[in-house]
Colleague: 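Submitted below is the structure of interest, expressed as structure tokens.
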Amino acid sequence: QYVKRGEAAGIGEVGRPHWEVNANVVGLCNEVVEYAMTVAKDLNAVVHLHLEREGEATVRSIVELANRAGVRDKWRIILHHASPSMVKPAVDNGLTPSIPVGRRGEFEEAVKLTKALVVESDYADDPRRPGAVIPPWRILSRVNNLLRLNLISEEDVAKMMIDGIERLYGVRYG
Ligand SMILES: [Zn+2]
């Protein structure tokens, strides 16, 4: 309803717990994910998934659910908090990985694999782990760092942070 009214750009986040749970819980979560994918598909909206970070196995199971839901534009499925090991399988299958830039080394590793990704910040909810996640206003300093290291170009940044976002969310910058 929110997407139809233009008050939301997509559905999220839904997904699976990234800690040990019994199989019934996983099965139930998969049903919710598949339903979210079906609704998002019908609305041409994005769907954000929060999943365990089990590399190719995680991506494969999402591709299966997407196929069951009949999703053709898989780039509208965003794998939030993706690990570097999920990046290549995600891109190979047409999904969009979203990289938490606060995690040491992961942003660097991810951009070496693809520029077709989304970057994300997070809310620091655990005072015992300072720096584990970064707020939105610190993304820029991480991006500047990659530019200094020559791991990305300004064109890459524009592609990732403007063109990619416009396409994903159906918005216009400026
Ligand atoms: Zn999440």
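In listed order, ligands and their atoms are each counted from 1.
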Colleague: Relative to the Zn ion (ligand 1), which of the N, O or S atoms in His50 is the closest?
Modeller: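 Distance check against the Zn ion (ligand 1) picks out ND1 in His50.
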Colleague: So Thr58 and Arg16, side chain to side chain contact (heavy atoms under 4.5 Å, CB included) or not? Walk me through it.
Modeller: CA-CA 10 Å; Thr58 297; Arg16 296 190 290 247; 4.0 Å; yes
Colleague: For Gly27, is there any backbone N or O sitting under 3.5 Å from a side-chain donor or acceptor partner on Asn24?
Modeller: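 Checking the backbone N and O of Gly27 against the side chain of Asn24, no donor-acceptor pair under 3.5 Å is found.
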Colleague: Which N/O/S atom belongs to His80 and is the closest one to the Zn ion (ligand 1)?
Modeller: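 So the atom name we want here is NE2.
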Colleague: With a 4.0 Å cut-off, would you call Glu106 and Arg53 a salt bridge?
Modeller: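 A salt bridge is present here (some side-chain N lies under 4.0 Å from a carboxylate O).
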Colleague: What is the name of the N/O/S atom in Glu13 that sits closest to the Zn ion (ligand 1)?
Modeller: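 Looking at Glu13, the N, O or S atom with the least distance to the Zn ion (ligand 1) is OE2.
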Colleague: Please determine whether a side-chain nitrogen of the Lys or Arg among Glu108 and Arg142 lies less than 4.0 Å from a carboxylate oxygen of the Asp or Glu.
Modeller: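 Answer for the salt bridge query: yes.
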